There are 2 protein chains.
Amino acid sequence: MTAKSDLPQGTLDLLILKIVALGPVHGYAIAQRLQQVSRDVVQVPQGSLYPALHRLENRDLLKADWKETETGREAKFYRLTRAGRAQLEAETASWRRLTDAVGLILKLSVSFRPGVRAAWTR
Amino acid sequence: MTAKSDLPQGTLDLLILKIVALGPVHGYAIAQRLQQVSRDVVQVPQGSLYPALHRLENRDLLKADWKETETGREAKFYRLTRAGRAQLEAETASWRRLTDAVGLILKLSVSFRPGVRAAWTR
DNA sequence: ATTAACATGTAGAAGAACGAGGTATACGCA
DNA sequence: TGCGTATACCTCGTTCTTCTACATGTTAAT
């Protein structure tokens with residue numbers, strides 16, 4: 001059940017910033033691209049998407065203006081602000097630091113169990 | 001500011017399960033080891049640690065018994081249940097799938113901006 | 001005697017994600 | 001013309017996790 005796609009908290013913002021950094025897009029397209037690029041691993045429900053967008057806009061990391069889609073529909077196109085770009089870089093670095101660390105921990109082997117324990121228990 | 005260490009949601013449980021899988025440990029030591037092994041990237045506040053442990057215990061992923069520390073103090077030593085081990089494996093796999101996907105997205109370059117847009121806007 | 005490190009715990013608030021709902025337009029097709 | 005589907009936006013309420021801050025007691029070192 002829980003084996004679907006739940007993104008870790010905070011990651012959604014990072015991904016949105018990243019997609020928007022590639023060029024102006026509207027919300028609906030952001031969700032689609034995330035899903036496509038990740039081969040369906042990342043799926044963003046609208047109930048998560050739009051609140052996230054508004055959140056980022058309120059923090060002045062994104063700016064939006066209404067424009068017409070190629071299909072002739074009005075949509076809010078988002079672009080990064082300067083702060084948004086900085087935030088993207090910071091969060092990207094942070095993400096790497098963190099996943100590297102977690103990866104390191106997950107690679108720990110059980111090779112020390114009975115005896116060597118003293119070395120790192122203390 | 002937010003550049004401290006905040007773990008993504010759910011990750012704490014995974015890391016705890018992993019450390020406990022290496023052998024019986026008490027809570028305090030779990031936090032220490034996570035910090036050591038990750039070179040201070042991962043820092044678990046006690047207000048996060050103990051609730052997480054209780055959570056995992058309530059889900060029958062961990063079992064605890066009081067024992068004496070090498071330093072002569074009473075402490076709750078946690079060990080994995082069978083379900084806990086299964087959960088660890090599942091969450092590890094899930095973690096990798098997800099970080100791979102996010103890594104892929106973060107590697108996207110801005111090489112397509114002006115022209116190719118049509119290909120993936122649709 | 002007092003501080004630092006060890007070891008456990010709770011309460012309350014903040015924040016994020018999601019499911020479920022709602023509105024409205026464009027387009028193809030019967 | 002009517003209908004369904006895909007596009008495109010939005011919000012509300014619930015649930016879950018985490019963090020800050022607090023509270024308690026023990027052992028070891030200075």
Side-chain angles (χ1 to χ4, degrees), chain A residues 1-17 24-36 42-59 61-62 64-78 91 98 121-122, chain B residues 1-17 24-36 42-59 61-62 64-78 91 98 102 120-122:
Chain A
M1 253 114 249
T2 52
K4 257 290 147 358
S5 77
D6 34 356
L7 283 190
Q9 179 178 30
T11 309
L12 182 58
D13 290 9
L14 169 60
L15 294 183
I16 290 178
L17 288 176
V25 257
H26 57 270
Y28 194 85
I30 293 175
Q32 282 189 325
R33 284 173 200 182
L34 284 176
Q35 188 168 345
Q36 288 170 11
V42 175
Q43 296 182 28
V44 186
Q46 302 187 335
S48 308
L49 174 68
Y50 291 107
L53 251 16
H54 301 329
R55 214 156 56 218
L56 292 170
E57 208 179 352
N58 285 337
R59 288 207 278 154
L61 303 177
L62 294 183
D65 6 47
W66 289 92
K67 280 183 195 166
E68 201 172 313
T69 309
E70 302 161 356
T71 60
R73 215 110 107 263
E74 287 296 302
K76 249 175 161 177
F77 281 79
Y78 289 91
E91 281 192 33
L98 227 125
T121 294
R122 262 251 82 196
Chain B
M1 258 74 295
T2 52
K4 258 285 136 35
S5 78
D6 35 354
L7 283 190
Q9 176 181 28
T11 309
L12 181 58
D13 289 9
L14 170 60
L15 293 182
I16 290 177
L17 288 176
V25 257
H26 57 270
Y28 194 84
I30 293 175
Q32 282 189 324
R33 286 175 199 181
L34 284 176
Q35 188 167 344
Q36 289 169 10
V42 175
Q43 295 182 28
V44 186
Q46 304 184 335
S48 308
L49 174 68
Y50 291 106
L53 286 174
H54 301 329
R55 216 155 55 219
L56 292 171
E57 206 179 352
N58 286 336
R59 288 206 280 155
L61 302 176
L62 294 183
D65 6 46
W66 288 93
K67 279 183 195 168
E68 201 172 312
T69 309
E70 303 160 356
T71 61
R73 213 110 107 264
E74 287 297 303
K76 251 176 161 176
F77 280 79
Y78 289 91
E91 282 192 31
L98 230 128
V102 172
W120 55 307
T121 295
R122 252 253 84 203

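Predicted, not measured: the structure shown is a model, and the values here were computed from it. As a basis for the values below, the full set of heavy atoms in this structure was taken, side chains included, without hydrogen atoms, waters or symmetry mates.
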Output the rounded distance in Å from [atom1] ([X]) to [atom2] ([N]).
X: B:Glu74; N: D:dT27; atom1: CD; atom2: P; value: 9 Å
X: A:Gln35; N: D:dA6; atom1: CD; atom2: P; value: 13 Å
X: B:Asn58; N: D:dT17; atom1: CG; atom2: P; value: 11 Å
X: B:Lys67; N: C:dC6; atom1: NZ; atom2: P; value: 21 Å
X: B:Glu70; N: D:dT27; atom1: CD; atom2: C1'; value: 15 Å
X: A:Leu34; N: C:dA17; atom1: CG; atom2: P; value: 12 Å
X: B:Leu12; N: C:dA16; atom1: CG; atom2: P; value: 18 Å
X: B:Leu14; N: D:dT17; atom1: CG; atom2: C1'; value: 15 Å

- Item | Closest to side chain of A:Pro45, choosing from C:dG19, C:dA5, D:dC9 | C:dG19
Find the distance between [atom1] ([X]) and [atom2] ([Y]) and round it off to the nearest 0.5 Å.
X: A:Leu61; Y: A:Leu53; atom1: CG; atom2: CG; answer: 11.5 Å
X: A:Leu15; Y: A:Arg33; atom1: CG; atom2: CZ; answer: 14.0 Å
X: A:Gln32; Y: A:Leu49; atom1: CD; atom2: CG; answer: 10.5 Å
X: A:Leu56; Y: A:Asp13; atom1: CG; atom2: CG; answer: 4.5 Å

- Hey, mind stepping through A:Thr11 and A:Val42 against side chain to side chain contact (heavy atoms under 4.5 Å, CB included) and telling me if it holds? CA-CA 11 Å; A:Thr11 309; A:Val42 175; over 6 Å; no
- Item | Under the side-chain contact (heavy atoms from CB on, under 4.5 Å) test, residues paired with B:Ala75 that sit two or more places apart | B:His26, B:Thr69, B:Phe77
- Note on the structure: Hits for side-chain contact (heavy atoms from CB on, under 4.5 Å) against B:Gln35, two or more places apart or cross-chain, chain-then-number order -> B:Asp40, B:Gln43
Please list, pair by pair, any protein nitrogen or oxygen found under 3.5 Å from a nitrogen or oxygen in nucleotides 25-29 of chain C.
unit_1	atom_1	unit_2	atom_2	d
C:dT25	O2	A:Arg73	NE	3.1
C:dT25	O2	A:Arg73	NH2	3.4

- Message: Measuring only between side-chain heavy atoms, which start at C-beta, is A:Val44 closer than 4.5 Å to A:Ile16?
- Response: no
- Each nucleotide of nucleotides 10-16 of chain D classed B (base within 4.0 Å of a protein heavy atom), S (only sugar-phosphate) or -, in 5' to 3' order, makes BB-----
- Message: Restricting to non-hydrogen atoms, name the atom on B:Tyr28 and the atom on B:Tyr50 that form the minimum distance, rounded to 0.1 Å.
- Response: N-OH, 3.8 Å
- Note on the structure: Nearest heavy-atom approach of B:Pro51 to B:Gln46 is CD-O, 3.8 Å
- Message: So A:Arg55, base contact, sugar-phosphate only, or nothing? Heavy-atom distance under 4.0 Å.
- Response: sugar-phosphate
- Message: Quick check on D:dT7: is either OP1 or OP2 less than 4.0 Å from any side-chain nitrogen or oxygen of A:Thr69?
- Response: no
- Partners passing side chain to side chain donor-acceptor pair (under 3.5 Å) against A:Arg73 (at least two apart in sequence or in another chain): none
- Item | Global bending angle along the helix from C:dA1-D:dT30 to C:dA30-D:dT1, which compares the axes of five pairs at either end, to 10 degrees | 10°
